[in-house]
Every structure is written in structure tokens, then in C-alpha cells.
Amino acid sequence: MWNGHKVSVVFPAYDEEPNIAAAVQDFLVPGVVDEVLVVDNNSKDHTAACATAAGARVVLETTQGYGAALRRGLREATGAYMILAEPDGTFVGRDVIKLLAYAEDFDMVCGTRTTRELIWQQANMGWFLRFGNIIVAKMLEFLLSGPSLSDCGCTLRLIRREACDRIVDQLTVTGSHFLPEMIILALRERLRLIEVPVNYRGRIGTSKITGSLKGTLKTGTKMIGLIFYYRFRA
Ligand SMILES: Nc1nc2c(ncn2[C@@H]2O[C@H](COP(=O)(O)OP(=O)(O)O)[C@@H](O)[C@H]2O)c(=O)[nH]1
Ligand SMILES: [Mg+2]
């Protein structure tokens, strides 16, 4: 609970057995987080069983994709404050407090992983990825009249239930370029948005999106296409 509001954490999970239990325990911040919901996206390993044993509620989403998993999570989570995160060791459980600190005044509180001081040595956030994230975030900021943004791909973010209700049916992306659409739709609904710096650590297990240059460029290109689509066509 946070100021009398129930808090849910949502993890999209595709073959995250190596770290899922530790992540569930890390994000079940005592007295703050009421529920950790793991959206198992057709994992072939023991992700679901490990998550359940660690104290999470698990739902299976059969439509494959990062966006599909997160959209399911937004529908299934029961909290008034919903926090999206990843169970791969890159995010730190205690950072939910930073998001919650702004939840009274904003509808959506997005983490940013491009703050130099909070990028850990093992993190996959070299200069190319960092500047790519900043540049696409700035396109979002300037083309769609957003607030100051410095990361287009940080899963760690909070959305209030009533704000989510206004955008969830409009979300269309099932793939890895899901996050900018959430911001674009929130801006169109005139929701109040802010970005706060969060820790970004090394990953445990295999990265499926930004682990390769090809995956990074593909996701980046799709994000830019989405931004131009909403700016000039939709
Ligand atoms: N790439 C990918 N990730 C998925 C899928 N379903 C759920 N996920 C989860 O989405 C998150 C992001 O993927 P990840 O491999 O960490 O990408 P990275 O953060 O760019 O290294 C992880 O928690 C995955 O387990 C899927 O179909 N594809
Ligand atoms: Mg990750």
C-alpha cells in the first residue's frame, strides 16, 4: 500500500527462470507492494513455477511479444497504482519508491535509464544505446509535445489505474516497440507525465531485444515509425 492505494508490480516474462524468483522477492517491497503479477509469455523453462513459488501471481499470455505481455498485465493487475518492470535483474526493487513519490501528482511516472550515475558497470547501456534512447525520446518530446524525456525504452514505469483505463483499449503494439505508444496515447489523453532517473544494472539471463545490434536497430526503427505515424498520419 502507498498512501492507502494498492500497488501492483507487473513483470512480462519470457524464459526468465534464472532471475524470476529473486526479482519477485526484490520487488515485493514490504509494506509497499501488494502484488507481483508475472505475465508468462509462453516460456519454455520453469519461469511460471519459480514465480509462483516466490510469491507471485502468474497469468499465461499466449500472444507472443513484449507488448502483448505488458498489455495483458495492465488488464490483470488489481492495484490502483500499477508498476511495470522486468524480472531480469536490470531494475532495482527499491526504485518503485521513486515512482510512487510522484504518483500523487502525476498519472504516469516513467523511469529513465540514461542517467550516467545510475548506469551500473555491467549494464547494457553503452554510448550507442544510450544516445539512441535519448534521441528517440527527444523525437517523442518534440514531435508530440511531451514533457522532458530522455529514454524511450524503460519498462520501469508507473501508471494510475484510472489513467490506464483511458488508454488500454487504444494500445495496438504487441512487439518490442510498445513503450512509446503508451506515452503517445497518454499525451493524447492529456495525462500528466514525468520522468525520473532509475538504476540500470547488468542483465541475468539472455537479452531478447537490445542484446544484439540487429534487435536494437529493429526496435529503434519501429519506435521512430510509430512516432511519425502518430504525429503525421493518425
Ligand atoms: N523479447 C521479448 N521479451 C518478452 C516477450 N515476452 C515477454 N518478454 C519480456 O520482456 C522483457 C524485455 O525483454 P529483454 O530480453 O529483457 O530485452 P532487453 O531489456 O532489451 O534486454 C523481459 O522481461 C522479457 O522476459 C517476448 O515475446 N519477446
Ligand atoms: Mg531487459
Side-chain angles (χ1 to χ4, degrees), residues 8-27 36-52 54 56 58-77 82-93 95-96 110-114 118-120 122-126 128-134 136-137 151-157 171-182 198-223:
S8 297
V9 169
V10 173
F11 284 146
Y14 177 49
D15 287 352
E16 296 291 357
E17 183 179 340
N19 195 61
I20 189 86
V24 170
Q25 282 154 11
D26 185 32
F27 275 80
V36 173
L37 177 71
V38 172
V39 183
D40 175 21
N41 205 195
N42 305 313
S43 296
K44 295 175 292 301
D45 62 8
H46 298 105
T47 295
C50 294
T52 306
V58 179
V59 294
L60 172 68
E61 174 54 53
T62 52
T63 303
Q64 193 69 54
Y66 168 79
L70 285 172
R71 281 162 65 185
R72 177 71 186 278
L74 289 173
R75 289 184 187 282
E76 292 274 352
M82 295 182 284
I83 294 170
L84 307 183
E86 288 182 30
D88 59 1
T90 49
F91 294 114
V92 179
D95 272 349
V96 301
C110 297
T112 170
R113 308 160 299 166
T114 58
L118 296 182
I119 301 174
W120 292 43
Q122 300 81 4
N124 176 27
M125 192 56 77
F128 180 72
L129 204 51
R130 181 165 173 267
F131 277 100
N133 272 307
I134 293 172
V136 178
D151 191 359
C152 63
C154 184
T155 307
L156 188 59
R157 52 180 57 188
L171 293 164
T172 64
V173 177
T174 54
S176 52
H177 56 302
F178 165 82
L179 294 174
E181 188 177 50
M182 208 179 154
V198 295
N199 286 281
Y200 197 55
R201 300 189 297 195
R203 197 196 201 289
I204 296 166
T206 318
S207 170
K208 294 129 206 157
I209 303 173
T210 58
S212 67
L213 181 63
K214 194 177 158 206
T216 303
L217 292 176
K218 194 175 147 199
T219 300
T221 307
K222 284 187 175 176
M223 283 181 174

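Side chains included, hydrogens not; waters and symmetry mates left out as well; all remaining heavy atoms used. The structure displayed is predicted, hence computed values, not measured ones. Just so you know, ligand 1 is whichever comes first in the structure, and atom 1 is the first atom listed for that ligand.
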Between Ala77 and Leu37, the two heavy atoms sitting closest are N-CD2, 3.7 Å
Between the CD1 atom in Ile209 and the CG atom in Asn124, the distance rounded to the nearest 0.5 Å is 11.0 Å
One finds that the ligand 1 atoms under 4.0 Å from a non-hydrogen atom of Asn41 are 5 (C), 6 (N), 7 (C), 26 (C), 27 (O)
Ring pair (Phe, Tyr, Trp, His ring centres under 6.0 Å) filter on Tyr200, not counting sequence neighbours, yields Phe91
Ligand 1 atoms nearer than 4.0 angstrom to some heavy atom of Ala13 are 7 (C), 25 (O)
Between Tyr66 and the options Thr155, Thr174, Asn41, the side-chain hydrogen bond (donor to acceptor under 3.5 Å, both in side chains) test singles out Thr155
Glu16 heavy atoms within 4.0 Å reach ligand 1 at atoms 22 (C), 23 (O), 24 (C), 25 (O)
* Should Leu74 and Leu84 count as side-chain neighbours, where that means a heavy-atom distance under 4.5 Å? -> yes
Of all protein heavy atoms, the one nearest atom 3 (N) of ligand 1 is Tyr66 CB, 4.2 Å
Check if Gly211 has a non-hydrogen atom at a distance under 4.0 Å from any atom of ligand 1. no
Next item on the list: For the residue pair Glu17 and Ser43, confirm or rule out a side-chain donor-acceptor distance under 3.5 Å.
Entry: no
The closest protein heavy-atom partner of atom 27 (O) of ligand 1 is Gln64 NE2, 2.6 Å
Logged contact type for Ile209 with ligand 1, heavy-atom cut-off 4.0 Å, is both
min-distance protein heavy atom vs atom 9 (C) of ligand 1 -> Pro12 O, 3.5 Å
Nearest heavy-atom contact between Thr47 and Ile20 is O-CG2, 3.8 Å
the protein heavy atom lying closest to atom 8 (N) of ligand 1 turns out to be Tyr14 CB, 3.7 Å
Near the Mg ion (ligand 2) (protein N/O/S, cut-off 2.8 Å, waters excluded) we have Glu86 OE1, Asp88 OD2
Check your understanding: Is the shortest side-chain N to carboxylate O distance from Glu16 to Arg203 below 4.0 Å?
Key -> yes
Ranked by distance from atom 2 (C) of ligand 1, the top protein heavy atom is Lys208 CB, 4.1 Å
* Is there a donor-acceptor pair under 3.5 Å between the side chain of Arg201 and the backbone N or O of Trp120? -> no
Are the side chains of Cys154 and Thr112 in touch, meaning some heavy atoms are under 4.5 Å apart?
no
Quick look: Thr210 vs ligand 1, heavy-atom contacts under 4.0 Å, and the answer is both
Verify side chain to side chain contact (heavy atoms under 4.5 Å, CB included) between Leu60 and Thr62, making sure each step is shown before the conclusion.
CA-CA 6 Å; Leu60 172 68; Thr62 52; 4.0 Å; yes
Nearest non-hydrogen protein atom to atom 21 (O) of ligand 1, with distance, is Ser207 OG, 2.5 Å
dist Asp88:CG -> Ser207:OG (nearest 0.5 Å) comes out at 7.5 Å
Atom 19 (O) of ligand 1 sits nearest the protein heavy atom Glu86 OE1, 3.2 Å
Side chains of Val39 and Glu76: closer than 4.5 Å at any heavy-atom pair? no
If you scan protein heavy atoms around atom 14 (P) of ligand 1, the nearest is Arg203 NH2, 3.4 Å
Next on the checklist: Yes or no: does Pro87 have any heavy atom under 4.0 Å from an atom of ligand 1?
Outcome noted: yes
